[in-house]
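First up is the structure itself, then whatever we jot down about it.
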Amino acid sequence: MDIMYVGLGRIGLPQALVSADAGHKVFGIDNNIENISQLSKSKTPFYEPLMDELLVKHIDINFTIFNEIGIAPNKVDLLFFTLGTGIPVYPNKLDLSEIEGLLDQVITTISAEVYIFRTTLPVGTIDTLSKKYQNINFAFVPERLIEGNAIAEERQLPKIIGTYNDYSFNLISKFFKSIGGEIIRVKNPRTAEFCKLIDN
């Protein structure tokens, strides 16, 4: 499958490399020029066990990186948003304008069968996005990786999948079966968002 990750930080990069190692054609986008420069030289921007070996094995073979959305492939099967969102301090609410701005840019540039969020979001965020961007398949799959063991956990931990339809679930499930870990379907993205907050 053709897979894209938007965000190649401590969460996105290990996921992307595990996906490449599972045999998928993986594209990664990040606007951090220093990180992209290091990755292009087969150097990881931070330490994670096994990551150096996977990067050397897959970079420019089935893992390709870009620093701009406009120069990345314009069609993939699955597109993952793996960006850090930060956690607002009560009573402040998370400002979604940055996420929506990026989503506007991505959706108008890159066609994906399903757009999947793997970050911490307030419960109901995917419902809000789904109403704004109609006819787009959205899903939420909680990321539950601990720094220092991210690659092993991505291969082993259960994958909680929250979607609005069978088509999206089946496509995402097919992908994650190649990665590893039990597949757990929940009722909808809202339920999956709640699972992520509980895990946190």
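Small disclaimer: the values here were computed from a predicted structure and weren't measured. We're numbering straight along the sequence, starting at 1. As a basis for the values below, the full set of heavy atoms in this structure was taken, side chains included, without hydrogen atoms, waters or symmetry mates.
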Check your understanding: Would Lys75 and Glu113 pass as an ion pair if we require N to O under 4.0 Å?
Key -> yes
**Study point:** Heavy-atom side-chain contact between Tyr164 and Pro189 under 4.5 Å
**Key:** yes
Check your understanding: Given side chains that start at C-beta, do those of Ile29 and Ile65 come closer than 4.5 Å, heavy atoms only?
Key -> no
Check your understanding: Under 4.5 Å between side-chain heavy atoms, hopping through other hydrophobics if needed: is there a path connecting Ile107 to Leu171?
Key -> no
Check your understanding: Quick one: are Ile36 and Glu34 in side-chain contact, heavy atoms under 4.5 Å?
Key -> no
Practice item. For Ile3 and Lys25, run side-chain contact (heavy atoms from CB on, under 4.5 Å): C-alpha distance rounded to whole Å, both residues' side-chain angles, the deciding distance at 0.1 Å, then the answer. Key: CA-CA 6 Å; Ile3 310 295; Lys25 189 174 183 180; over 6 Å; no
Check your understanding: Are Val106 and Val141 connected in the hydrophobic side-chain network, where two residues link if heavy atoms are under 4.5 Å apart?
Key -> no
**Study point:** Non-hydrogen side-chain atoms of His24 and Ser178 separated by less than 4.5 Å
**Key:** yes
Check your understanding: Do NZ/NE/NH1/NH2 and the carboxylate oxygens of Arg10 and Glu143 come within less than 4.0 Å?
Key -> no
Exercise for review: Report yes or no: does Thr108 contribute a side-chain atom to a donor-acceptor pair with the main-chain N or O of Asp104 at less than 3.5 Å?
Suggested key: yes
Point to revise | Cluster link Val6 to Leu13, ILVMFWY, side chain under 4.5 Å | key: no
Point to revise | Closest non-hydrogen atom pair between Asn35 and Pro45, with its separation | key: OD1-CB, 3.4 Å
Check your understanding: Is the side chain of Ser19 donor-acceptor paired with the backbone N or O of Gln15 at a distance under 3.5 Å, no angle test?
Key -> yes
Practice item. Tell me, with the steps shown, if Asp127 and Arg190 meet salt bridge (Lys or Arg N to Asp or Glu O under 4.0 Å). Key: CA-CA 7 Å; Asp127 287 347; Arg190 178 182 287 264; 3.1 Å; yes
Review point. With a cut-off of 6.0 Å (strictly less than), are more than 12 heavy atoms of other residues, nucleotides or ligands near NZ of Lys174?
Key: no
Exercise for review: Output yes when Glu153 and Arg144 qualify as a salt bridge under the 4.0 Å nitrogen-oxygen rule, no when they do not.
Suggested key: no
Study note, to complete from the structure: Minimal heavy-atom distance between Ala139 and Val114, with the atoms involved, is CB-CG1, 4.0 Å
Study note, to complete from the structure: CZ of Phe63 to CD1 of Ile61, rounded to nearest 0.5 Å, is 12.0 Å
Check your understanding: Charged N to carboxylate O under 4.0 angstrom, Lys57 versus Asp21?
Key -> yes
Check your understanding: With a 4.5 Å limit on heavy-atom distance, are the side chains of Leu8 and Leu39 in contact?
Key -> yes
Review point. Just by distance, with hydrogens left out, do Asn67 and Asp30 show a side-chain donor and acceptor under 3.5 Å apart?
Key: no
Review point. Which distance, rounded to the nearest 0.5 Å, do you find between the CD1 of Ile59 and the OG of Ser42?
Key: 6.0 Å
Review point. When you measure from the side chain of Thr82 to the backbone N and O of Ile11, does any donor-acceptor pair fall under 3.5 Å?
Key: no
Review point. Got a sec: does the CD1 of Ile146 have more than 12 other heavy atoms crowding it under 6.0 Å?
Key: no
Review point. Once you round to the nearest 0.5 Å, how far does CD1 of Ile183 lie from CD1 of Ile160?
Key: 10.5 Å
Review point. Hey, is the main chain of Gly124 close enough, under 3.5 Å, to the side chain of Glu193 for a donor-acceptor pair?
Key: yes
Review point. Is it true that the side chains of Thr191 and Asn188 contain a donor and an acceptor less than 3.5 Å apart?
Key: yes
Check your understanding: So how far is it from Lys41 NZ to Gln38 CD, rounded to the nearest 0.5 Å?
Key -> 8.0 Å
Practice item. Take atom CG of Asn74 as the centre, draw a 6.0 Å sphere, and report whether it contains more than 12 heavy atoms from other residues, nucleotides or ligands. Key: no
Check your understanding: Any chance the rings of Phe80 and Phe175 have centres within less than 6.0 Å?
Key -> yes
Practice item. Side-chain contact test, heavy atoms from C-beta onward, threshold under 4.5 Å: evaluate it for Glu100 versus Gln105 and give yes or no. Key: no
**Study point:** Geometric class of the Phe66/Phe27 ring pair [parallel <30°, tilted 30-60°, perpendicular >60°]
**Key:** tilted
Review point. CG/Leu78 to CD1/Ile172 distance, rounded to the nearest 0.5 angstrom?
Key: 6.0 Å
**Study point:** Ile116 and Leu79, any side-chain heavy atoms less than 4.5 Å apart
**Key:** no
Check your understanding: side-chain contact (heavy atoms from CB on, under 4.5 Å) between Glu182 and Ile184: does it pass, once the steps are laid out?
Key -> CA-CA 6 Å; Glu182 181 184 0; Ile184 301 174; 4.1 Å; yes
Check your understanding: What's the spacing between Leu145 CG and Leu157 CG if we round to 0.5 Å?
Key -> 6.5 Å
Review point. Looking only at atom types and distance, does a side-chain atom of Lys43 sit under 3.5 Å from a main-chain N or O of Asp52, one as donor and one as acceptor?
Key: no
Check your understanding: Are Phe46 and Val18 co-members of a hydrophobic cluster defined by side-chain heavy atoms under 4.5 Å apart?
Key -> yes
Review point. If only atom types and distance count, is the side chain of Lys187 paired as donor or acceptor with the main-chain N or O of Thr163 below 3.5 Å?
Key: no
Check your understanding: Is Asn62 reaching over with its side chain to a backbone N or O of Ala20, donor-acceptor style, under 3.5 angstrom?
Key -> yes
Exercise for review: Output, in order, the C-alpha distance, side-chain angles, deciding distance and verdict of salt bridge (Lys or Arg N to Asp or Glu O under 4.0 Å) for Asp166 and Arg185.
Suggested key: CA-CA 10 Å; Asp166 291 340; Arg185 185 177 189 177; 2.9 Å; yes
Check your understanding: Nearest heavy-atom pair of Gly180 and Lys159: which atoms, and what distance?
Key -> O-NZ, 2.6 Å
Practice item. Mark yes or no for whether Arg118, through its side chain, and Pro142, through its backbone, hold a donor-acceptor pair below 3.5 Å. Key: yes
Exercise for review: Spell out, yes or no, whether Leu129 and Met4 are grouped together once hydrophobic residues are joined by side-chain heavy atoms under 4.5 Å, including indirect joins.
Suggested key: yes
Point to revise | Close side-chain approach of Asn137 and Tyr115, heavy atoms under 4.5 Å | key: no
Check your understanding: Would you say the side-chain atoms of Thr125 pair up with the backbone N or O of Leu121, donor to acceptor, closer than 3.5 Å?
Key -> no
Exercise for review: Determine, stepwise, if the pair Asn170 / Ser173 fulfils side chain to side chain donor-acceptor pair (under 3.5 Å).
Suggested key: CA-CA 5 Å; Asn170 290 336; Ser173 177; 6.0 Å; no
Check your understanding: Can the ring centres of Phe140 and Phe117 be said to be less than 6.0 Å apart?
Key -> no
Exercise for review: For Asp77 and Met1, indicate whether the former's side chain and the latter's backbone hold a donor-acceptor pair under 3.5 Å.
Suggested key: no
